[in-house]
Amino acid sequence: MDEDEYRLEYFEENGFVRKECPECGRYFWTRDASKETCGEPPCDEYTFIGNPPFDDEFTLEEMREEFLSFFESHDHTRIDPYPVDASRWRDDVLLTQASIYDFQPLVTSGKTPPPANPLTISQPCIRMQDIDNVGRTGRHTLAFEMMAHHAFNSRAEGGAYEGEVYWKEETVAYCDEFLESLGAPLDEVTYVESPWVGGGNAGPAFEVILRGAELATLVFMDLELDEDGEYEMKDGNTYSKMDNYIVDTGYGLERFTWLSQGTPTVYEAVYPDMVDRICEDAGVERPEDEILADVARLAGMMDIDDVDDMRGVRRTVADDVGLTLADFNDLVTPIENAYAVADHTRVLAYMLGDGIVPSNVGTGYLARLVLRRTVRLADEIGLETPLEDLVDGQAKRLGYRNRPVIRDVVREEVEKYDETLERGKRLVRRTAEEYADQGSIPVEELVELYDSHGIQPDMVAEIAEEEGVSVDVPDDFYALVADRHEERESDEEHEEETVDAELPETGLLYYDDAERTEFEAVVLNTYERDDGYEIVLDQTRFYPEGGGQPADTGVLENGEVARVEDVQIRDGVVFHRTDKPLSKGDVVRGQVDADRRRALMQNHTATHIVIDAARRVLGDHVRQAGAQKGVESSRIDFTHHKRLTKEEVREIERVANRTVRKNVRVKDSWLDRHDAEEEYGFDLYQGGIPAGEEIRIIQVDDDVQACGGTHVSRTGEVGFVKIRNTERIQDGVERIVFSAGESAVNATQTIETALEETAETFGVPRDDVPETARRFFEEWKERGKEIEELRAELADLRTDTAEEEEIDGVPFVAQRMDADIDELRTAANSVVDEGKVAVFAGKNGSAGVVVGVPKDIDLNAGEVAGKLASLLGGDGGGSPEFGQGGGPNIDRIDEALERSKEIIEEEL
RNA sequence: GGGCUCGUAGAUCAGGGGUAGAUCGCUUCCUUCGCAAGGAAGAGGCCGCGGGUUCAAAUCCCGCCGAGUCCA
C-alpha cells in the first residue's frame, strides 16, 4: 500500500512521527518520538490491567452512550442497530459481524442511500469463530458491540449519494478527540498502518492501539476487487479504486469498557452482575485477580488459534505461581466456564431477541449450538439456575420486548437437548456393548455418533467407560468429521442472459392499476433464445416473476399473436418470453390472462392476511421465512418454535377470514425508505430488502410490508381463505398451505366430496363417519384375529385326515391343500408340532409349497422347498426348520407332492 | 442449501428376503394378613404411508410423511 495513503496533514500538524516497528515491521504514527515498537501485542503487552488509561470507569451502557452522543454532537445521526441475524437482508452471510454489514451490499454499492450521512451506531455483532476462546483468553467474547461512525462519499454522479462528507483527516481527528474526551493520554496512542481487505473490498486502515489493546480500526474503504487492478493486497488479489469511498470505523465497546475499568478480564468489566450471579449460584471460587490478569496478559500476546496455544499460556502462568498444570487447570477452569456462560447468555439474548428460532439450519442452528454449549458449560460447574432465567436477565438488560417468547424458546430448547442427551446415552450404551469384546469403540463409530446423532466424543468416552469399553479420540477428530462432508460440491450455476446495457428500464403499468389487463406498447427489441423469443417493450402490464408471485401469462398482438409464457425482470428491464417474434418498433396490444392474474392477486393479498393472522394468534415473533403464491394454492413459511396445533391452525383460519370480511382497503404507497423504516421498523422487510430510495409499502389491516406484488384493492375481494395443510419445513419453520377465492371454495368442496363418498360407502350420515370408521377399523382388526384362529383350527382338521408315512424312520406327511401360503404354513406347523415332517402344496392363483421339519430331525426344509418349487417352475428356500416356495406350474402340484418323498430321502 | 441416521407392542429397542421377537409396563391367577418380591398364564403389532423388484418384503429399491443430527 502506498505510503502516501497514510501521510495525513493531521499527523503533520499534531507532531506525529512515522516509525517502523522493529518487531513486526509495520509502520505506525505516534506523538511520542521515543517510542520504538508499534504498541500492539506481541510487540508490546497489555499494560492497562490495574492501570486504566481513562479518567472514569464506565459500564457497558455508559460507554455506549458516551460514544454515540460524542458523534451525535459532531453532526452524526444516531441510528438504531440492525438485527444480529444478517441473513435477513443478505444471503452471503448468516450473522452480523461488523457495523458495515448493515450497509452491504445496497448502500456500499451506491444503489441505496444510507439512512443518514454521516451516521453513528452501536451494532451488536456475533463472531462464532471465537467460540473456543471465550472465557479463557480474558479478552474474547462471542458477542460484541461494534461502535462506529460511517461516512459515505462518492465521486460518481447520479448514485444514491454524491460528494464527500469527510475522509481520512477528519476520521483520525475524531478518534483522537474522542480518546481525549475520555482522558486518554494521547502520546501513548499509536496509529498502526494496516491495510484492510474483506468481502470484495479493501482499503488503507489504521489500528488504534493504547496500552497494548487494539481499541478501534479505522478503515478507508475505496478499493474493489478487479483482476486488472493496480493495487495488490495481502490476500493476493488485485484491486482498483472505486467511485464510492466509505469511512468504515469499528470501536470495540467491550474493549473501551474493559480499559476504563482495568479489570483482569473483559468479562468482569462487561457483565459483572451476571458473573457474580453465576459464581454465587454455582459456588465457583475466584482465583486471585493477579492470576487471571497474568493469563489475560499472556494470552493477549498471541493470536489464539487453537487449544495448544491456550495450553502453553496456562503452563507458563502455572509455572510462575508454582502450581502443576493440573492444579492450575482445576483452579481456573470453573471461573473460565462461568465467564463463558455469562458471555453466551448475552449472545442468546441477542439472537433470540432478534427473533432467531433455534433450528437445524442457518442462524437457527448457530443459536442451538450456542445454547447447547452453554448448557454443557453450566452443567460442568454445577450451575443449577435455569438457563431461561439467565438469558432473560440479559434480555432485560438489553431492552428486548419479546422476553416471554425468549423464555419459552430457551425452556423448550433445553428440554429438547435433554431428550437428545437421553437418546444419545442409550445409543452409546448399545454401541459400547456391541464393541465390548473388542474392548474399544472404533473411530468411524465415533464420527458416526457425532455426525448423525450429535454425541460429542468425550461423552461417548464417559459412558463407554462405565461399560468397560475404552475410547480413543484422535486429535484430528473434527477434521475427520469435516472429511465426511467434503466429498461432493459442484453447484451448477445457470448463466443468465446478459441485459443489453442500451435498454431503458421498462415502465411497470401494473403498479398504476392492478385491475387493468390491457395495454399498448412499443416493441424495443426481440431476442431469439434456444426455446423461443424474449421481447422487450417500453412498458408493460405483465407482472414478472418476483417476490414469490409467479409471472403473468397472456398475449401480445399486432396481427400476429405471440403467446406470453413467462415474464422475467433483470436490472429493471422486463423480458416477455413468447413463442413468436415481434418486429422492433411495432406498436402491440397486450392482454394479460385476467382470470389467472385475478387468482394470483387474491392469493397474494391472502398471504399477507394469513401471516398477519398467524402473528396475532401465535405472537409477534412470527416472521415470514419464504412464500410462494399460486393460482390453486399458496404457501407461507414462517418462524415459530413449536409445532402448530390443530386448534391454532383453525384459529388462524378464523382470524384470516375475519380480516377478509372486514373488507378493509389494501393500501399501496411508495415511501421514502428511511421514513418507512422509522415508522414500521425492520420487520417491514419480510421478504428481503428492496433497493432504491423509495420502496413500495403494502398495508393490509395491521400488516405492513415492503412488497412489489399485485394485490386486490379490498380484503373482501379475497373472498375466502381456506387453510389446506400445515407442514414443518425445518425445526423452527412452519408452513401453511392455503387457497384463496374460488380455489378455496374448490378446496372445501373437494374435502366435502371425500367425506360424502366415505359416508355413502359406510351408509351412515356424514357426522357419523369418524365414529363409524373407528368401529370398522376395530372390527377389522378383531376379524383378522378371528380368521387366524379359525385357520389354525381348520388346519388341524385338515391335517387329521392326512396320511402319515415313514421315510427311514422319520414320520412324514405330504398333502395337497389349495389355500394361500399362510394357511399352508399354519397347517405345516401343526404337523411339525406333532413331531412329523410336513409337506403341503396347493394352488391359490399360482402354485405354492411349504415344508416344515421338527427341530430334532436332521433335514433341511429350505433345501427341500427349493427343489419342490423348481418343479413348479419357480423358486423357493428358507431355514432348516421351515421352507416355502412357489411357481406358475399349477398342473404339477400333485407330481411335486409325489416326488417329495424321494427328495427327502436324498436329503436325509 | 447439502450430508448422515432413525420410524417394529404402551415405553426402550433387537431382527434385516423364508413362521414378527426381547426387556420393562399392563391384565388375570398362584404364594401372602397385606404389600414388595417371586412363580404361572395372557392381552397388546396396517413392522410410518404409497409404489416397485421377488415364488416370497418388516427386511431390497424408489417416492412421500414424520423424528433426530452434522455442516455451510
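Numbered from 1 within each chain, the chains take letters A, B, ... in sequence-line order.
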Just the rounded figure in Å: distance from C1' of B:G1 to CG of A:D637.
14 Å

May I ask you to decide whether A:E786 forms a salt bridge with A:R783, counting only side-chain N to carboxylate O separations under 4.0 Å?
no

Minimum-distance nucleotide to A:R426 side chain [options: B:C13, B:C70, B:C4]
B:C13

Kindly point out which of B:G66, B:A72, B:G68 is positioned nearest to the side chain of A:R643?
B:G66

Counting only distance, no hydrogens or angles, is the base of B:U69 paired donor-acceptor with the side chain of A:D451 under 3.5 Å?
no

Salt bridge flag under 4.0 Å for residues A:R88 and A:D354:
no

Are A:E881 and A:K855 ion-paired here, with the side-chain N under 4.0 Å from a carboxylate O?
no

On RNA chain B, does the nearest nucleotide to A:V853 precede the nearest nucleotide to A:E448 from the 5' side, or the other way round? Give the residue.
A:E448

Indicate yes or no: does A:R791 engage A:E788 in a salt bridge with an N to O separation below 4.0 Å.
no

Considering every strand and a 4.0 Å limit on heavy-atom distances, what is the contact class for A:R372: base, sugar-phosphate, or nothing?
sugar-phosphate

Among B:C13, B:U69, B:C46, the nucleotide that comes nearest once only the side chain of A:N360 is considered
B:U69

Euclidean distance for P, B:A14 against B:U54 (whole angstrom)
31 Å

Which part of the nucleic acid, if any, lies within contact of A:K425, taking any heavy atom under 4.0 Å across all strands shown: a base, the sugar-phosphate backbone alone, or nothing?
nothing

Below 4.0 angstrom from OP1 or OP2 of B:U19, is there any side-chain N or O of A:T826?
no

Nearest to the A:K781 side chain among B:C46, B:G44, B:C13, which nucleotide is it?
B:C46

Tell me what A:S879 touches on the nucleic acid: a base, only sugar-phosphate, or nothing, going by heavy atoms under 4.0 Å.
sugar-phosphate

Selected nucleotide, minimal atom distance to A:Q730 side chain, candidates B:U69, B:G1, B:U5:
B:G1

So what does A:V361 touch, heavy atoms closer than 4.0 Å: a base, only the sugar-phosphate, or nothing?
base

Picking from B:C13, B:G1, B:G68, which would you name as closest to the side chain of A:R728?
B:G68

When the C1' atoms of B:C55 and B:A11 are considered, how many whole Å apart are they?
38 Å

Name the nucleic acid region contacted by A:G877, choosing base, sugar-phosphate or nothing; use a 4.0 angstrom heavy-atom cut-off, strictly under.
base

Please report the distance, rounded to the nearest Å, between CD in A:E433 and C1' in B:U23.
12 Å

Atom NZ of A:K785 and atom C1' of B:A9 are separated, to the nearest Å, by 12 Å

Atom NE2 of A:H453 to atom C1' of B:C13: distance rounded to whole Å?
14 Å

Could you tell me whether A:R825 and A:D822 make a salt bridge, using a distance below 4.0 angstrom between a side-chain N and a carboxylate O?
yes

Using a 4.0 Å heavy-atom cut-off, does A:G886 contact any base of the nucleic acid, only the sugar-phosphate backbone, or nothing at all?
base

Measure from CZ on A:R423 to P on B:C70 and round the result to the nearest Å.
11 Å

Round to a whole Å and report the spacing from CG of A:L366 to P of B:C70.
12 Å

Options B:G1, B:U19, B:C4, nucleotide nearest the side-chain atoms of A:S452
B:C4

Would you call A:R373-A:D132 a salt bridge at under 4.0 Å N-O?
yes

